Number of protein chains: 2
Amino acid sequence: MELNQTAYLILGILSLHPRQSGYHIRKTVESSVGYFWGESYGQIYPTLKRLAAEGLIVPCGPVGQKRAQEYSLTPAGQVCLQEWLALPWREDPPRNEFLLKLFFGVEAAPGVPTAHLRAFQQKLRALLATLTGLEKLARQHNAEQPGFPYWMLTLTYGLAQIRAALEWSESALELLTSLEAAPHPPSAIPDSTATGL
Amino acid sequence: MELNQTAYLILGILSLHPRQSGYHIRKTVESSVGYFWGESYGQIYPTLKRLAAEGLIVPCGPVGQKRAQEYSLTPAGQVCLQEWLALPWREDPPRNEFLLKLFFGVEAAPGVPTAHLRAFQQKLRALLATLTGLEKLARQHNAEQPGFPYWMLTLTYGLAQIRAALEWSESALELLTSLEAAPHPPSAIPDSTATGL
DNA sequence: ACACACATGTAATTGGTTACATGATTTC
DNA sequence: GAAATCATGTAACCAATTACATGTGTGT
């Protein structure tokens, strides 16, 4: 009974908010852990079936007039979630395409790294706005929930990372613009004997 | 001619250091961009073949007595790399299992989130040591290379992120330990009518 | 009537990891 | 002679995305 990350995500989400459909789960994910976790319907629906088949969740008829098939955790599902939570998390392979393009910046056409950096800043600012908004909402509506402190921790983590990235981006932009003002100085002749890194 | 990220990584690496074998490329990746990019041999070797078939790199007999098949960029490969560099980077779906487990922390057995947090700190400290070491090496051996400023930018980004994460982790640990001292206070009765987030 | 959000699902594809298999070369 | 590292590759598998297909309910 090996489950994938999506399965545990679903168990976790259902542990916080029972009686959710696939569609609803997706929305919840987006608006709560969306800044550090993504899921697609193509992954959610099959996983729901599978979790139900394994008895970790049960379909429970939709409340009211909505047509959506809702699910809730079973005791087995709760146990399963708990066990997973205690396991060491696995580092998924880091891949940052922005950094990769920046790393190869010297090979790029003039102005390209700077443009990327500005786009990066834009994204950071947008994300910062989203997270501060989320924070406000959470404080207003969820401050009494038992999970609240944990939710805030992930939020403050995100905020700390974004702020650090923004600060870095400012100095990085300065450096890049000064680089472009005084470009690779002496030679157009590449040094093919260079060693190392 | 759609290429995957691995292909561009290889082109980029070969643009910095020509005449590398698959094995060598992997090592270079590990020691230069390893903290934000991972690659496996199972991906590198087939991609090398493919890049060669498309004329973006050429196999060039190994220099000296080594048996390894080495490759270099072709002009077409350089163009291809340049084009890719100018394209907007794609955000790969964020997935942070550590944060996810922390987010569901209230469901975990006592002490589990704290343990995860400590493990997180350990990893951060190890990474910090690696990066500061890398930084020193780079300054010593690569300060004159044209790509140096860009390499340093990615490094300082990593360092900034790690430092911010470490600071966060300190306050997070404080919060968690105080939480454990005074656990979910009033009720063992879960509030099933709770709304929101 | 039209558009939009709600809601569920499948198929194709890909991108990638892991494990396995193999053998040469170097170093102790 | 053994062990470690250099070196290359393949096969199996998987997790996940994307695009596609479909239909309902709600609001304008």
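Numbered from 1 within each chain, the chains take letters A, B, ... in sequence-line order. As the structure is a prediction and not an experimental result, all values here were calculated from the model.
If you check dG9(D), dT8(D), dT17(D) against the side chain of K49(B), the one that comes closest is dG9(D). Comparing atom distances between the Y23(A) side chain and each of dG9(C), dA16(D), dA5(C) picks out dA5(C) as nearest. Between dT8(D), dA16(D), dC6(D), one nucleotide has an atom nearer to the side chain of Q43(A) than all others, and that is dA16(D). Among the nucleotides dA16(D), dT8(D), dT17(C), the one closest to any side-chain atom of T6(A) is dA16(D). Side-chain proximity of Y45(A) to dG9(C), dC6(C), dT8(D): nearest is dG9(C). When distances run from any side-chain atom of N4(B) to the nucleotides dT8(D), dT18(C), dG15(C), the shortest one goes to dG15(C). Residue A68(A) places its side chain closer to dT8(C) than to any other of dT8(C), dT17(D), dT17(C).
In this structure, CG of L9(A) is placed 14 Å from P of dA15(D), rounded to the nearest angstrom. Rounded to an integer number of Å, the gap from Q20(B) CD to dC6(D) P is 14 Å. At whole-Å resolution of the value, CZ in R95(B) and C1' in dA15(D) are 8 Å apart. If you take NE2 of H24(A) and P of dA7(C), they are 8 Å apart, rounded to a whole angstrom. Distance CZ (R90(A)) to C1' (dT18(C)): 12 Å, rounded to an integer number of Å. Straight-line distance from the CD atom of E91(A) to the P atom of dT17(C): 14 Å, rounded to whole Å. Between I10(A) atom CD1 and dA15(D) atom P the separation is 13 Å, expressed in whole Å. Between I44(B) atom CD1 and dT17(C) atom C1' the separation is 12 Å, expressed in whole Å.
In this model, the phosphate group of dT8(D) is approached by a side-chain N or O of S21(B) to a distance below 4.0 Å at OP1 or OP2. Close to dG9(C), at under 4.0 Å from its OP1 or OP2, lies no side-chain N or O of Q69(A). Using a 4.0 Å cut-off, no side-chain N or O of Y41(B) falls inside it from OP1 or OP2 of dT8(D).
A side-chain donor from one of T156(A) and W168(B) sits under 3.5 Å from a side-chain acceptor of the other.
A 4.5 Å side-chain heavy-atom check between I25(A) and L14(A) finds at least one atom pair inside the cut-off.
Salt-bridge annotation for E167(A) and R163(A): absent, with no side-chain N of the basic residue lying under 4.0 Å from a carboxylate O of the acidic one. Using a 4.0 Å cut-off between charged nitrogen and carboxylate oxygen, R95(B) and E39(A) count as a salt-bridge pair.
Taking the six-membered ring for Trp and thresholds of 30 and 60 degrees, W89(B) and F98(A) have ring planes inclined between 30 and 60 degrees apart.
Looking at which nucleotide of DNA chain D each of P93(B) and G22(B) is closest to, the 5′-most match is held by G22(B).
G42(A) comes within 4.0 angstrom of a nucleotide base, judged by non-hydrogen atoms across all strands.
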